[in-house]
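Have a look at the structure below before the remarks.
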Amino acid sequence: SAVISQKPSRDICQRGTSLTIQCQVDSQVTMMFWYRQQPGQSLTLIATANQGSEATYESGFVIDKFPISRPNLTFSTLTVSNMSPEDSSIYLCSVYDFSYEQYFGPGTRLTVT
Amino acid sequence: GQQLNQSPQSMFIQEGEDVSMNCTSSSIFNTWLWYKQDPGEGPVLLIALYKAGELTSNGRLTAQFGITRKDSFLNISASIPSDVGIYFCAGHGQAGTALIFGKGTTLSVSS
């Protein structure tokens with residue numbers, strides 16, 4: 001299985017600022033996804049990070065708020081822009097490659113004050 | 001959109017007891033996966049199921065892909081304290097799409 005790392009592991013940010021989360025995979029993968037897990041909740045898909053093209057966002061998520069980059073097959077970033085306390089969540093990077101087994105990074109725990 | 005109903009929401013059991021949880025969907029899924037999430041960690045894949053009727057074991061865990069392709073269950077036998085955590089079912093409706101998750105079952109085990 002792919003080994004996924006995320007930076008930072010956690011952060012406390014002020015309202016109105018932005019945070020960029022990095023996701024690094026130890027092998028090339030075709031599909032990378034970003035999920036949000038609000039406190040005590042399940043995982044909700046934010047977007048699919050497409051290599052070399054714009055990300056595909058799920059309903060309720062927009063590029064201006066959650067810009068995503070994917071410059072190559074092993075790396076992606078998610079930015080949480082103009083943060084508010086409602087953005088306090090765990091953000092998870094996930095990958096799968098030519099199979100239906102999807103793996104997750106350790107997550108980035110974000111608190112917005 | 002597709003939704004998964006996972007039950008029970010939480011369980012409180014004694015060490016050594018068996019546990020069962022299940023998921024149902026409003027539409028057909030092509031794969032079912034079961035994950036466990038410990039506090040402060042990302043979900044870890046436990047079992048993946050690919051065919052209707054498939055029954056797969058991983059140690060004390062057993063999961064089945066329902067014949068209708070709209071449901072799956074996970075059993076844990078002889079529970080131990082380290083089984084504590086949140087268990088999520090998840091599925092793919094279509095190839096190449098991201099997983100859809102159930103709301104999770106929180107398992108507590110008392111010794």
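No experiment lies behind these values; they were computed from the predicted model shown. Below, chains carry the letters A, B, ... as their sequence lines are ordered, and counting in each starts from 1.
- In this structure, Ser110(B) contributes its side chain and Ile13(B) its backbone to a donor-acceptor pair below 3.5 Å.
- Of all the listed residues (Gln41(A), Arg109(A), Gln37(A), Gln6(A)), the one sharing the greatest number of non-hydrogen pairs under 4.5 Å with chain B is Gln37(A).
- Side-chain atoms of Leu45(B) and Leu33(B), non-hydrogen and from C-beta on, do get closer than 4.5 Å to each other.
- With hydrogens and angles ignored, the 3.5 Å screen pairs a side-chain donor or acceptor of Ser72(B) with a backbone N or O of Gln64(B).
- A donor and an acceptor atom, one from each side chain of Thr111(A) and Ser88(A), are nowhere located under 3.5 Å apart.
- With Gln9(B) contributing its side chain and Gly104(B) its backbone, the two residues share no donor-acceptor pair below 3.5 Å.
- Applying the 6.0 Å contact sphere to CD1 of Ile80(B) captures more than 12 heavy atoms from other residues, nucleotides or ligands.
- For a residue to count as touching a neighbouring chain, one of its non-hydrogen atoms must lie under 4.5 Å from one of that chain's; by this rule Leu45(A) touches chain B with the side chain only.
- Among Leu43(A), Ile4(A), Leu92(A), Ile90(A), the residue making the largest number of heavy-atom pairs under 4.5 Å with chain B is Leu43(A).
- Between the Ser77(B) side chain and the Arg60(B) main chain, a donor and an acceptor come within less than 3.5 Å of each other.
- Applying a 4.5 Å heavy-atom cutoff, none of the residues of residues 56-77 of chain A approach chain B.
- Contacts of Gln6(B) with chain A are absent, with no heavy-atom separation under 4.5 Å from either backbone or side chain.
- With hydrogens and angles left out, the side-chain atoms of Asn75(B) and Ser20(B) include a donor and acceptor closer than 3.5 Å.
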